[in-house]
S.K.: 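I'd like to ask some things about the structure below.
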Amino acid sequence: MSQTAAKAPGAPAPSGDANRWKALVFIALAQLMVVLDATIVNIALPSAQTDLGISDGNRQWVVTAYALAFGGLLLFGGRIADLWGRKRAFVIGLTGFAAASALGGAATSGAMMFGARALQGVFGAMLAPAALSLLAVMFTDAKERAKAFGIYGAIAGGGGAVGFILGGVLTEYLDWRWTFFVNIPFAIVAALGAYFVIREPEGGRNHNPLDIPGVLLSTLGLVSLVYGFTRAESDGWGDATTIGLFVAAAVLLIAFVVTEARVKAPLLPLRVVTDRNRGGIYLSLGIAIIAMFGTFLFLTYYLQAIKGFSPIQTGFAFLPMVAGMMIGSTQIGTRLMTRVPARLLMGPGFLVAALGMLLMTRLEIGSSYASTVLPAVLLLGLGMGTAFMPAMSLATLGVEPRDAGVASAMVNTSQQVGGAIGTALLNTIAASATTSYIKDHIATATSKSQQQLVQMQGAVHGYTNAIWFAVGMLVLAAVAVVTLVNAGKPEATPVASGEGSADEVAIPVVAH
């Protein structure tokens with residue numbers, strides 16, 4: 001191993017690429033675009049459905065087409081970034097995402113919209129791992145890495161809530177098509193900036209031939225898994241097709257693991273996920289995202305359907321959560337990451353978020369935003385921001401440069417699968433509790449207004465039941481972190497250098 005691959009604890013950290021902070025601006029902009037797109041389209045969906053004549057049965061495909069392509073191709077996208085180079089994959093991903101967004105904005109039929117959303121998912125699956133792995137190989141000093149991942153984590157966590165505001169403004173004052181067209185300037189600026197500013201470290205590519213069986217098995221397995229949860233939400237857990245999809249996913253993913261253990265150049269080297277710390281991060285993030293996705297969903301329904309908020313008011317109601325995430329990520333996480341072990345940030349962070357979630361279980365029809373929702377979303381944002389920031393960094397800490405793309409893809413994969421599980425599982429819990437409540441109380445409602453009141457009470461009862469489950473998920477995420485993640489605080493030394501040959505790796509110096 002060369003001298004550049006590891007440094008003594010007292011050695012000075014390398015300065016890295018002089019443009020790395022400028023590069024962070026464009027990487028963060030691209031990440032913001034992808035995260036915004038996930039929620040901004042949801043706000044525009046009712047208007048788009050009406051204009052394009054999409055049936056109620058098919059409208060889910062506006063969301064599902066993106067989720068299937070994105071979730072199914074993430075590992076492949078991460079491997080492409082390792083093979084082609086992260087900068088090239090990043091720019092191609094941005095260009096393709098912009099073109100797909102233009103197609104979606106110009107859609108004249110439901111089929112054209114579904115195709116555009118699937119294309120967005122394809123290029124997003126290339127873009128997202130390339131963005132995170134660029135940070136992993138460009139920021140090698142522990143303190144600088146903490147700041148860079150603090151910014152990235154805040155955007156990854158808070159961008160979705162900002163999407164509600166932007167989606168509401170564009171849909172209400174312009175047209176739903178602008179929720180697609182708005183991606184184009186984001187992508188152009190980020191792609192041009194990346195092309196001229198980013199200087200990817202040499203020697204970090206993985207030039208091994210592509211693992212075609214791994215690509216097919218992982219893509220089909222993840223698509224089956226995500227689609228299984230999507231169908232469970234709409235058709236029920238006992239549906240024959242739903243069960244078949246889960247069985248197929250299990251078989252395909254088991255075959256994928258067996259294949260990866262045997263092939264010479266695997267798509268996902270098992271060393272990436274069997275590392276105790278990285279495995280713990282992927283697991284805890286996936287569990288936490290189950291809770292997060294449910295919260296966005298139910299709080300949006302509660303504020304609009306129960307409290308009568310407009311889309312714009314709903315978006316602004318999420319702003320305190322964004323502020324909490326920014327503080328937790330850029331202030332608490334960044335300042336403490338190099339001083340305390342990651343588990344002492346992530347564990348308490350998930351528990352603070354669980355406390356915020358616990359406050360939301362007190363929701364009633366007459367609950368005040370200021371006294372109930374506001375403190376809840378503040379705590380939720382603060383906790384998740386504090387936990388996400390070290391998680392994003394530790395997920396790629398010490399990984400071999402040739403594996404940076406696929407390790408980054410695993411972060412996105414755990415979040416995507418967690419989101420699919422969360423949406424389906426929490427919706428099922430809420431719907432079941434609502435149906436049960438209405439059945440038990442509707443007989444006592446003698447007038448139409450009383451029946452409407454019972455239905456609203458039933459809806460809120462369903463939300464709070466699902467939120468209780470989300471509280472449990474966040475506590476479980478904290479337990480997973482404390483149990484599995486044992487990395488100490490990183491010293492101010494290189495953690496993932498891209499220099500030297502592809503077989504060399506910077507050894508992270510970790511204090512236990």
S.K.: Does the side chain of L75 come within less than 4.5 Å of M410's, by heavy atoms?
M.R.: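 When only atoms from C-beta onward are counted, L75 and M410 do touch, with a gap below 4.5 Å.
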
S.K.: Could you measure the distance from the CG atom of L103 to the OG1 atom of T108? Nearest 0.5 Å is fine.
M.R.: 9.0 Å

S.K.: Tell me whether the count of non-hydrogen atoms from other residues, nucleotides or ligands lying under 6.0 Å of CZ in F316 goes above 12.
M.R.: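 No - once you tally the heavy atoms of other residues, nucleotides and ligands closer than 6.0 Å, there are 12 at most.
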
S.K.: Might you point out which heavy atoms bring G458 and T434 nearest each other, and give the distance in Å?
M.R.: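 Where G458 meets T434 most closely, the heavy atoms are O-OG1, 2.9 Å.
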
S.K.: Give the minimum heavy-atom separation between A30 and L127, together with the two atoms involved.
M.R.: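 Of all heavy-atom pairs spanning A30 and L127, the closest is CB-CD1, 4.2 Å.
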
S.K.: Once rounded to the nearest 0.5 Å, what's the spacing between atom CD1 of I306 and atom CD of Q455?
M.R.: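 If I round to the nearest 0.5 Å, the distance is 10.0 Å.
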
S.K.: State, yes or no, whether a side-chain contact exists between L222 and F76 at a heavy-atom distance under 4.5 Å.
M.R.: no

S.K.: Flag the pair M325 / V322 as yes when at least one side-chain heavy-atom distance between them is below 4.5 Å, and no otherwise.
M.R.: no

S.K.: Could you tell me which residues satisfy ring-ring contact (aromatic ring centres under 6.0 Å, His included) with F26, sequence neighbours excluded, listed by chain and number?
M.R.: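 Listed in chain order: nothing, the list is empty.
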
S.K.: Identify, with sequence neighbours excluded, every residue that meets side-chain contact (heavy atoms from CB on, under 4.5 Å) alongside L220.
M.R.: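 Applying side-chain contact (heavy atoms from CB on, under 4.5 Å) to L220 gives L252.
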
S.K.: For K307 and Y302, indicate whether the former's side chain and the latter's backbone hold a donor-acceptor pair under 3.5 Å.
M.R.: no

S.K.: When rounded to the nearest 0.5 angstrom, what distance separates OG in S368 from CG in L363?
M.R.: 11.0 Å

S.K.: Residues two or more places apart in sequence or in another chain: which of them pass side chain to side chain donor-acceptor pair (under 3.5 Å) with S449?
M.R.: S447

S.K.: Quick one: pull up CE in M473 and CG in L426 and give me the separation to the nearest 0.5 Å.
M.R.: 8.5 Å

S.K.: Testing the basics here: between Y195 and V91, what is the closest heavy-atom pair and its distance to 0.1 Å?
M.R.: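 What the structure gives for the nearest pair is N-CG2, 4.4 Å.
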
S.K.: Please collect all side-chain hydrogen bond (donor to acceptor under 3.5 Å, both in side chains) contacts where either partner lies in residues 355-364, sequence neighbours excluded, each pair once.
M.R.: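 Pairs touching residues 355-364 that pass the test: none.
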
S.K.: Please enumerate all residues that pass side-chain contact (heavy atoms from CB on, under 4.5 Å) together with L52, with sequence neighbours excluded.
M.R.: I54, A107, M113, W176, R177

S.K.: Check the pair F180, R117 against side-chain contact (heavy atoms from CB on, under 4.5 Å), reporting the backbone distance first and the verdict last.
M.R.: CA-CA 10 Å; F180 286 89; R117 289 290 285 162; 3.8 Å; yes

S.K.: Among L474, V475, V377, which residue meets the side chain to side chain contact (heavy atoms under 4.5 Å, CB included) test with M357?
M.R.: L474

S.K.: For D239, enumerate each residue passing the side chain to side chain donor-acceptor pair (under 3.5 Å) test, keeping only those at least two apart in sequence or located in another chain.
M.R.: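 D239 satisfies side chain to side chain donor-acceptor pair (under 3.5 Å) with R231, T242 only.
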
S.K.: Would you list the atom pairs, donor with acceptor, under 3.5 Å between side chains in residues 461-470 and any protein atom, with sequence neighbours excluded?
M.R.:
unit_1: H461; atom_1: NE2; unit_2: N465; atom_2: ND2; d: 3.2
unit_1: T464; atom_1: OG1; unit_2: V460; atom_2: O; d: 3.2
unit_1: T464; atom_1: OG1; unit_2: H461; atom_2: O; d: 2.9
unit_1: N465; atom_1: ND2; unit_2: H461; atom_2: O; d: 2.8

S.K.: Checking Q49 against V62 for the side-chain contact (heavy atoms from CB on, under 4.5 Å) test, could you report, in this order, the C-alpha distance in whole Å, the side-chain angles of both residues, the deciding distance, and whether it holds?
M.R.: CA-CA 9 Å; Q49 180 184 353; V62 176; over 6 Å; no

S.K.: Examine distances only and state if a side-chain atom of Y369 and a backbone atom of A317 form a donor-acceptor pair shorter than 3.5 Å.
M.R.: yes

S.K.: Might you point out which heavy atoms bring A89 and A130 nearest each other, and give the distance in Å?
M.R.: CB-CB, 4.1 Å

S.K.: Are L453 and I365 side-chain neighbours, meaning at least one heavy-atom pair lies under 4.5 Å?
M.R.: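 Heavy-atom side-chain distance check passes, below 4.5 Å.
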
S.K.: List in chain and number order the residues that pass side-chain contact (heavy atoms from CB on, under 4.5 Å) with L24, two or more places apart in sequence or in another chain; answer none if no residue qualifies.
M.R.: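 For L24, the residues satisfying side-chain contact (heavy atoms from CB on, under 4.5 Å) (neighbours in sequence not counted) are W21, L135, F139, A148, I151.
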
S.K.: In the structure I gave you, are the side-chain heavy atoms of L29 and V25 within less than 4.5 Å of one another anywhere?
M.R.: no

S.K.: Going from CG on L374 to CG on L379, what distance comes out if it is rounded to the nearest 0.5 angstrom?
M.R.: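 Spacing of CG (L374) from CG (L379) equals 9.5 Å.
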
S.K.: What distance separates L245 CG from T241 OG1, expressed to the nearest 0.5 Å?
M.R.: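 It is 6.5 Å, given to the nearest 0.5 Å.
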
S.K.: Does the side chain of W237 reach to within under 4.5 Å of the side chain of F229, using non-hydrogen atoms?
M.R.: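 W237 reaches F229 side chain to side chain.
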
S.K.: By side chain to side chain donor-acceptor pair (under 3.5 Å), which residues pair with Q331, not counting sequence neighbours?
M.R.: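 For Q331 the side chain to side chain donor-acceptor pair (under 3.5 Å) partners, ignoring immediate neighbours, are R335.
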
S.K.: Can you name the nearest heavy-atom pair linking A387 to M346, along with the distance?
M.R.: O-CG, 3.5 Å

S.K.: With side-chain contact (heavy atoms from CB on, under 4.5 Å) as the test, would you mind laying out the steps for L73 and T219 before giving the verdict?
M.R.: CA-CA 6 Å; L73 293 171; T219 301; 3.8 Å; yes

S.K.: Do T386 and F350 pass the side-chain contact (heavy atoms from CB on, under 4.5 Å) test, and can you show the C-alpha distance, the side-chain angles, and the key distance before you say yes or no?
M.R.: CA-CA 8 Å; T386 302; F350 285 138; over 6 Å; no

S.K.: For S101, which residues count as a side chain to side chain donor-acceptor pair (under 3.5 Å) partner, sequence neighbours excluded?
M.R.: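 Expected list: Q120, N183.
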
S.K.: What I'd like to find out is whether the side chain of F388 reaches to under 4.5 Å of the side chain of L285, using heavy atoms alone.
M.R.: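 Sidechains of L285 and F388: in contact.
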
S.K.: Go through the structure and list residues passing side-chain contact (heavy atoms from CB on, under 4.5 Å) with A28, not counting sequence neighbours.
M.R.: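 Applying side-chain contact (heavy atoms from CB on, under 4.5 Å) to A28 gives I155.
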
S.K.: Which heavy-atom pair separates L119 from A100 by the least distance, and what is that distance?
M.R.: CB-CB, 3.7 Å

